[in-house]
Amino acid sequence: MNMCSAELVELAGITYRQLDYWTSKGYLHADANNPGSGNHRNFDGDEVSVAWLMAQFVRAGMRPHAAADLARTELDAPIPYVLTEAAYA
């Protein structure tokens with residue numbers, strides 16, 4: 001699910017300034033068409049997930065760079081069998 005900046009800010013519960021900072025630092029990757037501050041940016045589904053996880057980790061006290069690393073690690077981890085639909089079939 002792709003989202004624009006305004007949607008992502010609302011979903012993740014972060015400020016636009018945080019989103020802009022995270023994007024400028026390379027923690028999040030916007031579409032290639034409008035990457036800079038002040039431009040309309042879109043984020044693909046993976047980046048939406050990273051932003052949401054980062055927001056949770058930052059609220060828990062992590063620094064953004066560590067939160068970004070952990071969020072990407074979590075997304076790359078295989079989903080445990082108990083969380084898949086096959087476990088309930």
Nearest non-hydrogen partners of [X] and [Y], listed with the distance:
{"X": "V58", "Y": "Q18", "result": "CG1-NE2, 4.5 Å"}
{"X": "W22", "Y": "A51", "result": "CZ3-O, 3.9 Å"}
{"X": "L11", "Y": "V48", "result": "CD2-CG1, 3.6 Å"}

Where at least one partner belongs to residues 59-73, residue pairs that pass side-chain hydrogen bond (donor to acceptor under 3.5 Å, both in side chains), sequence neighbours excluded: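 Qualifying pairs: E47-R72.
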Approximate separation, where rounding is to 0.5 Å, of [X] [atom1] and [Y] [atom2]:
{"X": "F43", "Y": "D31", "atom1": "CZ", "atom2": "CG", "value": "8.0 Å"}
{"X": "D46", "Y": "L28", "atom1": "CG", "atom2": "CG", "value": "11.5 Å"}
{"X": "L8", "Y": "Y16", "atom1": "CG", "atom2": "OH", "value": "11.0 Å"}

All side-chain contact (heavy atoms from CB on, under 4.5 Å) counterparts of A71, not counting sequence neighbours: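 For A71 the side-chain contact (heavy atoms from CB on, under 4.5 Å) partners, ignoring immediate neighbours, are V50, L53, M54, F57.
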Full working for side chain to side chain contact (heavy atoms under 4.5 Å, CB included) between R41 and D20: CA-CA 10 Å; R41 293 178 288 197; D20 188 50; 3.2 Å; yes
